[in-house]
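Heads up, the thing below is written out as structure tokens.
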Amino acid sequence: MSIPHPDPDKLRLPPEGETPGTPQPHFIRQIIIEDLKQGRFRGVITRFPPEPNGYLHIGHAKAIHLDFGLAEEYGGSYNLRFDDTNPAKEEVEYVESIQEDVRWLGFDWGDRLFYASDYFEQLYQFAEDLIRKGAAYVCDLSAEQIRETRGTLTRPGVESPYRHRPVDENLDLFRRMRAGEFPDGSRTLRAKIDMASPNLNLRDPVMYRILRATHHRTGDAWCIYPMYDWAHGQSDSIEGITHSICTLEFEDHRPLYDWFIEQLGIHHPRQIEFARLNLTYTVMSKRKLLELVREGRVHGWDDPRMPTLSGFRRRGYTPEAIRDFCERIGVAKKESVVDLQLLEHCLREDLNRRAERRMAVLRPLKVVIENYPEGQVEWLEAVNNPEDPAAGTRQVPFSRVLYIERDDFREAPPPKFHRLYPGNEVRLRNAYLLRCDRVVTDEAGAVVELRCSYDPDTLNASPRKVKGTIHWVSAEHAVKAEVRLYETLFTAPDPLNVPDGADWKDNLNPHSLDVLPEAKLEPSLKEAKPGYRCQFERQGYFAVDPDSKDGQLVFNRAVTLKDSWAKIEKRG
RNA sequence: UGGGGCGUGGCCAAGUGGCAAGGCACGGGGUUUUGGUCCCCGGAUCGGAGGUUCGAAUCCUUCCGCCCCAGCCA
């Protein structure tokens with residue numbers, strides 16, 4: 001196997017006397033720059049090493065942004081490597097979704113797609129090398145016995161009775177392990193390090209276990225599989241990784257990785273640990289997300305309420321917003337919980353600039369304009385994006401019967417309510433001033449319709465100041481759609497923080513999904529295709545869901561607009 | 001009570017001995033045919049206590065708090 005090594009010609013250092021030309025001069029950038037300056041490495045090669053046992057989430061986006069983003073930044077290259085050393089939990093569905101998600105984020109690893117399983121034979125040979133050096137041995141202890149002899153945090157472990165087997169016997173046994181002569185779990189290959197080490201990772205860790213499971217790539221070729229701790233560092237080394245960026249919990253493992261590499265005398269990457277991402281109102285563990293999927297608490301890994309990349313994508317998030325978020329949160333070793341609102345801010349900022357505006361009524365209330373001629377239709381011009389003149393304009397139909405948002409009308413308006421109420425006048429967005437003359441109610445007293453009048457002289461003129469502008473859709477031209485509104489999946493900012501005996505899933509938000517089946521859209525939206533994003537004016541950014549069928553549009557709300565009225569109303 | 005990390009405003013986060021960046025959130029004001037956007041304005045003495053120094057968030061000592069490690073998971 002030959003994997004290209006760093007190309008010094010492409011090495012890109014920031015200009016002297018300046019911090020990197022990017023917003024966050026974080027410690028990983030500083031380390032890389034220093035390494036490059038001192039010539040510790042000839043360039044930068046990084047890797048993102050997911051285990052294909054679940055879908056990628058936004059926490060992985062942070063890791064990818066670092067691994068791949070930094071390599072790009074310094075003119076290096078990056079590998080996507082699946083750490084597929086545990087066939088019991090891994091599936092091709094996951095290797096496919098992971099590739100799709102990384103690509104969606106905007107990265108192209110070219111032909112640098114690898115698998116730890118590509119190295120199984122090499123790893124096996126390395127293991128034999130270690131055995132020959134007397135640095136590894138075959139151990140016949142059971143899993144339980146290994147646990148018992150490992151010692152505790154404060155007490156050293158005791159050596160395995162098999163620790164001093166002769167090299168030849170170890171070699172023979174190890175080869176027979178590979179050949180399938182022994183039952184699952186009956187023996188392991190262990191590194192011979194130090195059973196008294198205060199670092200438990202160094203107490204003769206297991207390198208290989210016997211496990212008869214069909215691997216998604218190697219099939220049944222192997223019945224022994226390398227442990228992560230044995231496979232990972234060597235895989236990085238084989239690939240010539242210079243900066244092996246990982247999360248904090250592996251800090252304790254670094255001495256073990258160093259030990260293996262030194263014993264083998266192979267390329268030594270620098271490992272750098274950072275604090276993983278936590279988000280308020282979110283759980284970020286593949287195990288727990290899998291639980292939500294399996295128990296049907298959500299409708300799959302790509303449910304728009306999930307913090308998975310596929311969930312965010314479906315919901316309407318842009319990869320640009322997610323990358324911007326990853327940059328803005330910074331990188332440090334302090335464990336932290338980032339406010340969800342920052343993520344939402346990043347999306348709003350991106351979409352405010354790029355998304356077209358449309359009018360859509362989510363909870364329709366019928367309005368009849370009594371002084372507007374029956375049968376008349378006017379096509380009025382509307383700006384597509386006030387932030388981007390190049391986005392142009394479109395025509396929207398105006399007629400005698402409209403729908404407006406139920407929330408935009410109150411029979412008895414609270415203080416500071418600037419929208420429609422009996423006797424009040426508001427601006428119809430992109431159209432005329434409208435006054436509410438009469439309220440039609442049903443037997444139960446519920447408002448079913450408004451009788452209003454418009455002022456024909458107010459199309460592009462404002463003879464009077466009105467305080468409110470509301471959106472609307474012409475009834476006869478409206479396109480019906482289903483709109484799905486989302487709230488956070490959990491009601492608690494820290495969902496996992498529950499009293500003893502309670503289940504974190506008790507924090508699930510019963511209102512995380514609200515389906516509005518009778519939304520009315522302006523006709524320009526009729527042909528919208530899945531993935532299309534726009535702003536429903538005054539409400540938020542929405543995206544067409546793949547559940548849409550011809551003539552049956554489904555929209556997801558990606559994020560609301562900021563709503564200062566909601567704040568005022570809440571305060572009372 | 002072993003080892004490894006971490007502690008700067010509500011949440012992130014710069015700062016590496018010279019007189020506390022920035023973002024989000026929050027509050028106030030202005031513009032506005034989105035109560036959106038945009039534009040102003042507002043707040044920390046750096047976990048605590050000692051010490052070194054003309055001067056410390058940055059150096060030393062000590063204390064406190066939080067996280068990770070006892071899978072043949074990754």
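Just so it is clear: chains get the letters A, B, ... in the order the sequence lines come, proteins before strands, and each one is counted from 1.
Rounded to whole Å, the C1' atom of B:G4 lies 23 Å from the corresponding atom of B:U16. For the C1' atom pair drawn from B:C66 and B:G48, the interatomic distance equals 15 Å after rounding to whole Å. Using atom C1' as the reference point in both B:G9 and B:G22, the two lie 13 Å apart (nearest Å). Atom name P, nucleotides B:G7 and B:C24: the rounded distance is 24 Å, in whole Å. Taking the P atom of each, B:C38 and B:A25 are spaced 10 Å apart, rounded to whole Å. Using atom C1' as the reference point in both B:U45 and B:G28, the two lie 26 Å apart (nearest Å). The C1' atoms of B:G30 and B:U53 are separated by 49 Å, rounded to the nearest whole Å. Rounded to whole Å, the separation between the P atoms of B:G18 and B:C59 comes to 12 Å.
Classification of A:R29 and A:E327 as a salt-bridged pair holds, one side-chain N sitting under 4.0 Å from a carboxylate O. A:E320 has no carboxylate O lying under 4.0 Å from a charged side-chain N of A:R533, or vice versa, which leaves the two without a salt bridge. Between A:D204 and A:R163 there is a salt bridge, with a side-chain nitrogen of the basic residue lying less than 4.0 Å from a carboxylate oxygen of the acidic one. The pair A:R419-A:E405 fails the salt-bridge criterion, with no side-chain N (NZ, NE, NH1 or NH2) lying under 4.0 Å from an Asp/Glu carboxylate O.
Using a 4.0 Å heavy-atom distance criterion, A:A431 is classed as a base contact. Within the nucleic acid shown, A:E344 has no heavy atom closer than 4.0 Å to any nucleic acid atom. Within 4.0 Å of A:H345, counting heavy atoms only, lie sugar-phosphate atoms of the nucleic acid but no base atom. The residue A:F536 sits apart from the nucleic acid: no heavy atom pair falls under 4.0 Å. Nucleic acid contact class of A:V466 (heavy atoms, under 4.0 Å, all strands): none. Residue contacts shown for A:R353 are absent, as no nucleic acid heavy atom lies under 4.0 Å away.
Side-chain atoms of A:Q539 come within 3.5 Å of backbone atoms of A:A360 as a donor-acceptor pair (strictly under, hydrogens ignored). Between the A:S186 side chain and the A:F182 main chain, no donor and acceptor come within less than 3.5 Å of each other. Between the side chain of A:S462 and the backbone N or O of A:R464, no donor-acceptor pair lies under 3.5 Å.
When the C1' atom of B:G36 is taken as reference, atom CD1 of A:I568 falls 13 Å away, rounded to whole Å. Whole-Å rounding puts the A:I31 CD1 to B:U16 P distance at 17 Å. Rounded to whole Å, atom C1' of B:C24 lies 8 Å from atom CZ of A:R328. One atom, CG of A:N385, and another, C1' of B:G36, lie 11 Å apart when rounded to the nearest Å. To the nearest angstrom, C1' of B:U34 lies 14 Å from CG of A:N384. Between the CD atom of A:Q539 and the P atom of B:U37 there is a distance of 15 Å, given to the nearest Å. The separation between A:K562 atom NZ and B:U32 atom P is 19 Å, rounded to whole Å. Rounded to whole angstrom, the span from the CZ atom of A:R348 across to the C1' atom of B:C38 amounts to 16 Å.
Side-chain atoms of A:E251 stay outside donor-acceptor range of the base of B:G3, with no qualifying N/O pair under 3.5 Å. Side-chain atoms of A:R538 stay outside donor-acceptor range of the base of B:U34, with no qualifying N/O pair under 3.5 Å.
Between A:H471 and the phosphate of B:U34, there is no side-chain N or O to OP1/OP2 separation shorter than 4.0 Å. Distances shorter than 4.0 Å separate none of the side-chain N or O atoms of A:K333 from OP1 or OP2 on B:G7. Residue A:K567 has a polar side-chain atom (N or O) positioned under 4.0 Å from OP1 or OP2 of B:G27. Between A:Q271 and the phosphate of B:G4, there is no side-chain N or O to OP1/OP2 separation shorter than 4.0 Å. Proximity of A:K467 to the phosphate of B:U33: no side-chain N or O atom is located under 4.0 Å from OP1 or OP2.
Applying the side-chain hydrogen bond (donor to acceptor under 3.5 Å, both in side chains) test to A:Q234 and every residue at least two apart in sequence or in another chain returns nothing. With sequence neighbours excluded, the residues satisfying side-chain hydrogen bond (donor to acceptor under 3.5 Å, both in side chains) with A:E181 are A:R176. Every residue was checked against the side-chain hydrogen bond (donor to acceptor under 3.5 Å, both in side chains) condition with A:Y421, not counting sequence neighbours, and none meets it.
Checking B:U34, B:U33, B:G2 against the side-chain heavy atoms of A:S462 singles out B:U33 as nearest. Taking the side chain of A:R571 as heavy atoms from C-beta on, and the options B:C24, B:G27, B:A13, the nearest nucleotide is B:G27. Listed nucleotides B:A13, B:G27, B:U34 differ in distance to A:K334; the shortest reach to its side chain belongs to B:A13. When the nucleotides B:C12, B:U34, B:U33 are ranked by their closest atom to the side chain of A:V338, B:C12 comes out on top.
Sequence order on RNA chain B of the closest nucleotides to A:K465 and A:R254 puts A:R254 first from the 5' end.
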Dot-bracket line, read 5' to 3' along RNA chain B, where crossing pairs take [ ] and | marks a partner on another strand, Watson-Crick or G-U under 3.5 Å: .(((((((.[[[..)..(...]]].(((((.......)))))....[[[[[..)....]]]]])))))).....
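The salt bridge (charged side-chain N to carboxylate O under 4.0 Å, His left out) pairs that include a residue from residues 186-203 of chain A are A:D140-A:R187, where partners are two or more places apart or lie in different chains.
With its glycosidic angle more than 90° from 0, B:G4 adopts the anti conformation.
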How does protein contact run along nucleotides 66-74 of chain B, one letter per nucleotide 5' to 3', with B for base contact, S for sugar-phosphate only, - for none, heavy atoms under 4.0 Å? -SBBBSBSB
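Across A:R270, A:R81, A:Q271, a single residue satisfies side-chain hydrogen bond (donor to acceptor under 3.5 Å, both in side chains) together with A:D236, and that is A:R81.
The two residues A:Y124 and A:Y208 come nearest to each other via the heavy atoms N-OH, 3.3 Å.
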